[in-house]
Amino acid sequence: MFQQIEERLAAELERQLASRFDLRAKVSLEQPKQSSFGDLAIPVAFQLARQLKRPPKQIAEELATGLASFPGVASLEIAGNGYINVRLDRAAYASALVRNEDEPVRETAGKFIVEHTNINPNKAAHIGHLRNAVLGDTFVRMLRKRGRRIETQNYIDNTGVQVADVVAGFHFLEKQSPREVQSLIDGPSIRFDYLCWDLYARTSAYYKDHADSLAWRDATLHAIEAGAGELAELGRIVADNIVQAHLKTMYRLGIEYDVLPRESEILHLQFWATAFALLKERKAIYFETEGKNKGCWVMPSSAFRTSAPQSEESAGDDDSKVIVRSNGTVTYVGKDIAYQLWKFGLLGKDFFYRLWSTYPSGHAVWVTTDQPQPIPSPSFGGASKVFNVIDSRQSYLQEVVVAGLRALDFNEQADASVHFSYEMVALSPRTCVEMGIELSEEDKRRPYVEVSGRKGLGVKADDLIDKLIETALVEVEERHPEAPPAERRAVAEQIAVGALRYFMLKFTRNSVIAFDFHEALSFEGETGPYVQYAAVRAANIFKKYLERGQTMPRFEEALTIDVLKAGFESEPLWQLLLLASKADGAIERAIAAGEPAHVAKFAFQLAQSFNNFYHEYSVIAEPNASRRSLLLWLTQFVREQILAAMQVLGIQQPIYM
RNA sequence: GGGGGCGUAGCUCAGUUGGAUAGAGCAUCAGCCUUCUAAGCUGAGGGUCACAGGUUCGAUUCCUGUCGCCCCUACCA
């Protein structure tokens with residue numbers, strides 16, 4: 001609702017600028033620093049002052065007279081040097097909300113792809129992966145909420161070095177056959193992803209001490225790529241089972257996918273070969289005949305470096321990017337270019353798809369395969385915009401991918417390729433100590449310590465979730481000793497997920513999270529449970545109200561303009577209503593900024609305002625019937641908006657807390 | 001060396017694209033549970049927005065420089 005008024009006011013002002021001053025300018029409205037200044041502030045007179053060479057105050061006055069009778073606006077005043085402060089007609093505004101006159105969200109044309117999670121399928125997921133998945137999933141929810149059509153992809157690098165290293169570990173270190181590994185998986189009480197976590201670290205350490213054993217990796221990679229033999233069989237077993245484990249972990253957080261594109265199909269279906277031919281034909285890459293990259297196909301650095309400095313000393317350095325190695329194999333970036341081309345429907349090829357699994361909701365996840373399938377699948381790919389949720393350390397590789405598109409003259413798609421980057425999750429030194437990780441004196445002084453899958457250094461996602469549930473359960477059991485255990489468990493799980501998702505979202509994308517157990521396990525202050533608690537309190541008001549045998553009023557009849565006018569003369573009630581009505585605008589702004597954290601912040605602020613209201617006003621005990629209706633409606637409206645924000649954040653409301 | 005990011009309260013972080021008196025949470029201290037359950041609420045203290053210039057009506061925000069921290073700069077991803 002707020003957004004509508006904002007847009008209409010801005011449009012009207014732009015019209016006036018054109019007619020009065022013959023200026024075409026974008027007008028933006030802002031929130032006044034203090035609520036006593038009004039509901040909306042227009043600083044446009046300042047911008048115009050320079051162009052028109054007139055005092056801003058004068059311009060503001062002139063514009064204000066033109067807006068005097070704007071529908072929905074109660075009054076305008078000029079403040080400071082030339083702000084136009086707008087006060088809304090509170091009763092009219094509230095009335096429109098009571099009668100649900102908000103414009104419906106319109107679905108936009110075209111499809112967006114959001115690719116996220118993308119965990120190497122060779123070990124258990126850790127907290128860094130959680131940040132990726134929660135960020136990506138929340139962004140998907142934001143976009144869907146605002147009418148965008150989204151396809152969620154989780155790319156599976158099932159033929160890469162990381163899988164190969166675990167396979168090599170099973171085969172060469174553990175001397176285990178595919179059959180033995182499979183029976184390990186089928187056997188009781190073994191967490192295969194945890195077992196691989198350790199094996200991966202062990203194999204990496206072994207490589208370090210025995211340089212000659214690196215030949216295992218090459219042998220394994222070749223076998224996996226060829227797709228035949230015991231090593232390839234092990235590769236399939238490891239990757240498939242770990243993918244299943246990752247999907248399970250992510251589902252605990254309410255994260256689902258539409259399709260799992262796999263690297264094996266990019267290779268087997270000749271996606272790379274097609275892209276390679278294109279790149280060669282358009283001269284985007286060339287065959288290097290000298291220097292350190294001799295024998296490789298490389299992309300010149302001029303293609304992806306915006307500034308091409310090359311100082312005197314470094315002139316000899318070759319910072320071109322190798323796309324095809326001298327042994328003829330393609331790098332990840334090469335495969336990623338092919339994949340990116342497919343996402344936009346530019347490759348002229350498609351995968352085959354097979355059902356991977358179905359979520360309890362009935363939503364299906366599909367996986368790519370290299371063979372035609374009898375059962376038809378939905379169509380995937382062919383998007384107009386692509387968001388790749390990938391950590392910022394890979395920005396260089398992402399630049400190369402986009403440069404690849406550009407070199408092929410797909411400029412529109414290059415512009416529509418977004419690296420949705422975020423900083424890593426590291427560990428606070430305190431948490432390292434708690435986990436028994438030994439730190440050097442240097443590391444202890446650092447603000448954070450980087451996690452390393454290769455070293456097995458990190459916090460596993462499921463361990464963290466379990467720990468959160470355990471912590472929440474202690475509180476729930478204490479507060480609700482009479483409730484059935486299964487129900488308490490369900491509540492604790494919702495609280496744990498709320499805490500975790502909020503924790504991963506409260507930081508903006510480019511801030512490094514120094515993960516700290518104490519902070520992550522906190523359920524007080526700016527946390528998910530705080531928001532959930534506000535929603536539970538709102539729900540409790542209705543629960544108690546109905547329990548006492550009262551019936552809900554018909555708001556449209558009870559809340560006449562006069563009742564609304566009297567009610568919202570109260571500043572705190574009006575401020576709460578106004579804030580709640582900004583939910584859609586907050587989500588839209590968060591999309592524009594690419595910051596899921598903004599939605600989290602909004603949810604927290606609204607919860608905070610509601611908690612204030614909850615403390616200050618008695619809803620059920622209000623003796624005056626029409627005022628009680630007003631308070632009930634306000635509670636309902638705020639609750640709806642908090643729940644809407646929570647849904648976008650992937651946070652549920654427990655039945656009690 | 002080159003590219004990118006960051007520096008805001010004791011700690012962890014926001015800051016709506018250049019606007020009005022810079023905000024939260026945690027921690028500390030002082031209060032509030034017979035109430036729609038306190039995972040909550042109220043209040044207090046805490047700031048040279050790293051530093052120095054510049055741009056202009058106005059700078060935490062933009063530009064330049066300095067200092068400090070981080071990431072990237074593989075025929076790994």
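Every chain is numbered from 1 and lettered A, B, ... according to where its sequence line falls, protein lines coming before strand lines.
- Here the closest heavy-atom approach between residue A:Glu288 and residue A:Tyr286 is recorded as OE1-OH, 3.1 Å.
- Base orientation of B:U17: syn, since the glycosidic angle falls within 90° of 0.
- Among the heavy atoms of the strands lying under 4.0 Å from A:Val322 are primed sugar atoms or P, OP1, OP2 only; no base atom is included.
- Remark: A:Asn624 pairs with A:Ser626 by the side-chain hydrogen bond (donor to acceptor under 3.5 Å, both in side chains) rule, at least two apart or across chains.
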Nucleotide-resolved protein contact map, nucleotides 12-18 of chain B, B/S/- at heavy-atom distance under 4.0 Å: SSSSB--

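- Judged by atom type and distance alone, A:Ser326 reaches the base of B:C75 through a side-chain donor-acceptor pair under 3.5 Å.
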Dot-bracket encoding per residue of RNA chain B, Watson-Crick/G-U cut-off under 3.5 Å, | denoting interstrand: (((((((..((((.....[...)))).(((((.......))))).....(((((..]....))))))))))))....

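- The pair A:Glu6-A:Arg589 counts as a salt bridge, with a side-chain nitrogen and a carboxylate oxygen less than 4.0 angstrom apart.
- Between A:Glu263 and A:Tyr155, the side chains place a donor N or O and an acceptor N or O closer than 3.5 Å (distance only, hydrogens not considered).
- In this structure, A:Arg509 is positioned above the aromatic face of A:Phe420, its NZ or CZ under 6.0 Å from the six-membered ring centre and within 45° of the axis.
- In B:C70 the O4'-C1'-N dihedral to the base is more than 90° from 0, which defines an anti nucleotide.
- Checked against a 6.0 Å centroid threshold, the rings of A:Phe610 and A:Phe613 count as neighbours.
- If you check distances only, the side chain of A:Asn118 never reaches the base of B:A77 with a donor-acceptor pair under 3.5 Å.
- In this structure, A:Phe37 counts as stacked on the base of B:A20 under the 5.5 Å centre distance and 30° plane angle limits.
- Of all non-hydrogen atoms in A:Ser522 and A:Thr527, the two that sit nearest each other are O-CG2, 3.5 Å.
- Using a 4.0 Å heavy-atom criterion, one finds that A:Gln608 contacts the sugar-phosphate atoms exclusively.
- Interface remark: the A:His480 side chain does form a donor-acceptor pair with the B:U37 base, using a distance-only criterion of under 3.5 Å.
- The cationic atom of A:Lys467 (NZ for Lys, CZ for Arg) lies less than 6.0 Å from the six-membered ring centre of A:Phe517 and within 45° of the ring axis.
- If you take CD of A:Gln394 and P of B:C70, they are 21 Å apart, rounded to a whole angstrom.
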